[in-house]
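The structure appears right after this line, and notes come after that.
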Amino acid sequence: MKFELQHTDAQSKARAGLITTDHGQIETPIFMPVGTQGAVKAVHMTELESDIKAQIILGNTYHLYLRPGLDILEQAGGLHKFNSWNRPILTDSGGFQVFSLAHNRKLTEEGAIFRSHIDGSKHMFTPERVMDIERTIGADIMMVFDECTPGDADYSYAKKSLALTERWLDRCITRFNDTECKYGYTQALFPIVQGCVYPDLRKRAAENVASKEAEGNAIGGLAVGEPTEKMYEMIEVVNEILPQDKPRYLMGVGTPANLLEAIERGVDMFDCIMPTRNGRNGQLFTRYGILNMRNKKWANDFSPIDAEGRSFVDTLYSKAYLRHLFIVNEILALQIASIHNLAFYLWLVKEARTQIIAGNFSNWKKYILEDVSRRI
RNA sequence: GUAAUUGUAGCUCAGUUGGUUAGAGCGUCGGAUUGUGGUUCCGAAGGUCGCGGGUUCGAGCCCCGUCUUUUACC
């Protein structure tokens, strides 16, 4: 993997860059649609590629390990071949799911013991095991196994949790360096900065992560219950320290406004379930605000879903029709909303990139920020 | 016509031997959702208990009349 920093904004920390992987290039800042179980829910790969213009998608280690399992993934020749997505893929390590989803989890120095949310079966994730699993999945970018500290953790817990994440990080790197991709292309490993909402912990974590000289770095443990302002503050602390010449990935974030604020603070990559999950629940993000498609006011509004939207669904279908589809629980509603929201997110980061290169990012951000957060 | 049966929220229905402010599901309306357990979660509005009279301290529940639903018989 290679990262080329193409342009840095004069008035802010915003950057435009280019990541090159064996499965193609990624223009940053970028938003990565989440495909937890090997599929972006309700969306075809053809739509992701041609219409949404996704450049990289996510898969999830915890979910793919449980189903279909490593045997099937290896027989398939890796996730790219299995799900027919030929562009870059990033896998989350499953750290988040072990803590948010699995039953009866127990942390030890060795790793995390947990029970499957599907059948209750007992499993153990160690840093080494997770590296092996991500090798088998075959993502272009692998994430280290960490503990995602809750946003409301007290200082002493956050400090202890960070220390464990740091010891696991070293073990991940060792195992990663001792192994190689099973399918003939290269994989990169991104470490994750934790430290909750405590600046000194975040600073220490970022310094430790930076010292590993990884191909890219991630900021985790944000948007997990802490105030939004704290999140922005932590991004600033961390990005002061993370290397300039490597991509920075803010995990699990966020709203359109969150993206703009984080881009301004020097973040290059994002993923979030919000455009897809909220889309499936009837919420549409647009350039001029957020719509709840179940609201009655759209019942007889026959104007396009989004007159300025870039995806084919935006002008093919009316608001009234989409509302109808949601009210009667048609599957097509979920597909339309997911495509629209993802296309909007991808447009937002592409436009941010264009504005950064044009030297106009801060002005543009101010101009658009209130619009995208408004409820209409 | 006779006998039985039914009537409670927009819909389908609970509602104990009569006992505070009559409930549920669905629907309607609104909100939530941040490294996804694949139609989720939370909240709100909505009823003169068919109508009229009576008994009772108190009636959705008991009595009378009337209208109504369904069925059987003549």
Side-chain angles (χ1 to χ4, degrees), chain A residues 31-43 56-64 66-67 90-103 114-120 130 134 139 141-151 165 190-194 218-228 230-232 235 249-259 261-262 267 269-285 290-299 323 325-335 337-338 341-342 345 373 375:
Chain A
F31 178 81
M32 307 181 281
V34 178
T36 306
Q37 309 195 68
V40 176
K41 294 183 198 299
V43 180
I56 171 172
I57 65 173
L58 260 69
N60 185 274
T61 299
Y62 171 91
H63 290 279
L64 292 170
L66 290 177
R67 294 184 302 197
L90 181 151
T91 37
D92 182 28
S93 66
F96 186 81
Q97 282 68 36
V98 166
F99 302 103
S100 71
L101 212 56
H103 302 308
F114 61 92
R115 288 186 179 276
S116 157
H117 70 282
I118 299 160
D119 61 6
V130 169
E134 293 193 76
I141 299 173
M142 301 168 35
M143 301 306 298
V144 299
F145 187 56
D146 65 337
E147 180 185 359
C148 182
T149 316
T165 286
F190 283 21
I192 303 170
V193 174
Q194 289 288 341
I219 309 169
L222 291 177
V224 285
E226 80 289 356
T228 306
K230 279 280 173 201
M231 172 169 83
Y232 296 149
I235 295 169
Y249 164 30
L250 178 58
M251 305 183 76
V253 174
T255 65
N258 290 159
L259 263 57
E261 296 291 353
V267 174
M269 304 165 69
F270 303 88
D271 80 282
C272 192
I273 60 150
M274 196 171 273
T276 40
R277 177 192 285 168
N278 289 27
R280 292 198 305 279
N281 291 329
Q283 190 173 69
L284 255 51
F285 297 95
I290 300 165
L291 296 71
N292 182 345
M293 286 316 299
R294 306 188 81 102
N295 288 5
K296 183 151 201 176
K297 59 185 165 188
W298 311 122
R323 175 177 193 272
L325 295 179
F326 268 111
I327 296 299
V328 298
N329 280 333
E330 276 294 340
I331 296 168
L332 183 58
L334 315 189
Q335 298 175 315
S338 299
N341 277 350
L342 286 175
Y345 267 61
S373 306
R375 288 176 185 283

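Predicted, not measured: the structure shown is a model, and the values here were computed from it.
Taking the C1' atoms as reference points, B/rC62 lies 31 Å from B/rG25, given to the whole Å. As rounded to the nearest Å, B/rA45 and B/rG23 have P atoms that lie 12 Å from one another. To the nearest whole angstrom, the two P atoms, one in B/rC51 and one in B/rC61, are 11 Å apart. For B/rG37 and B/rU20, the C1' atoms lie 43 Å apart once the distance is rounded to whole Å. Straight-line distance between the C1' atoms of B/rG46 and B/rG10: roughly 9 Å, to the nearest whole Å. Rounded to a whole angstrom, the distance from the C1' atom of B/rU71 to that of B/rG54 is 31 Å. Nucleotides B/rC42 and B/rG60 have their C1' atoms positioned 31 Å apart, rounded to a whole Å. Nucleotides B/rG38 and B/rA14 have their C1' atoms positioned 34 Å apart, rounded to a whole Å.
As judged by a 4.0 angstrom heavy-atom cut-off over every strand, A/Leu334 is placed among residues making no nucleic acid contact. Within the 4.0 angstrom heavy-atom criterion, only backbone atoms of the sugar-phosphate kind lie near A/Arg375; the bases stay farther away.
A/Phe326 has its CZ atom 17 Å from the C1' atom of B/rC29, to the nearest Å.
Across all non-hydrogen atoms, the minimal contact from A/Arg280 to A/Phe326 is O-CE2, 3.5 Å.
Legend: residues meeting salt bridge (charged side-chain N to carboxylate O under 4.0 Å, His left out) with A/Lys230, ordered by chain and number and at least two apart, are A/Glu233. Under the rule for a salt bridge (charged side-chain N to carboxylate O under 4.0 Å, His left out), the partners of A/Glu261 that lie at least two apart in sequence or sit in another chain are A/Arg265, A/Lys365.
Side chains of A/Glu134 and A/Thr91: a donor-acceptor N/O pair is present below 3.5 angstrom, by distance only. Using a 3.5 Å distance cut-off with no hydrogens or angles, the side chains of A/Asp92 and A/Tyr62 do not pair a donor with an acceptor. Of the N and O atoms on the side chains of A/Gln37 and A/Asn60, not one donor lies less than 3.5 Å from an acceptor on the other residue.
Map A/Ile118 and A/Asn292 each onto its nearest nucleotide of RNA chain B; the residue landing nearer the 5' end is A/Asn292.
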Distances for protein N/O vs nucleotides 40-43 of chain B N/O pairs under 3.5 angstrom?
unit_1, atom_1, unit_2, atom_2, d
B/rU40, N3, A/Asn281, OD1, 3.4
B/rU40, O4, A/Asn281, OD1, 3.2

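Under 3.5 Å, the side chain of A/Asn295 and the base of B/rG30 form no donor-acceptor pair of N or O atoms.
The aromatic ring centroids of A/Phe31 and A/Phe270 lie 6.0 Å or more from each other.
With a cut-off of 3.5 Å on both pairing distances, the Watson-Crick or G-U wobble partner of B/rC26 is B/rG10.
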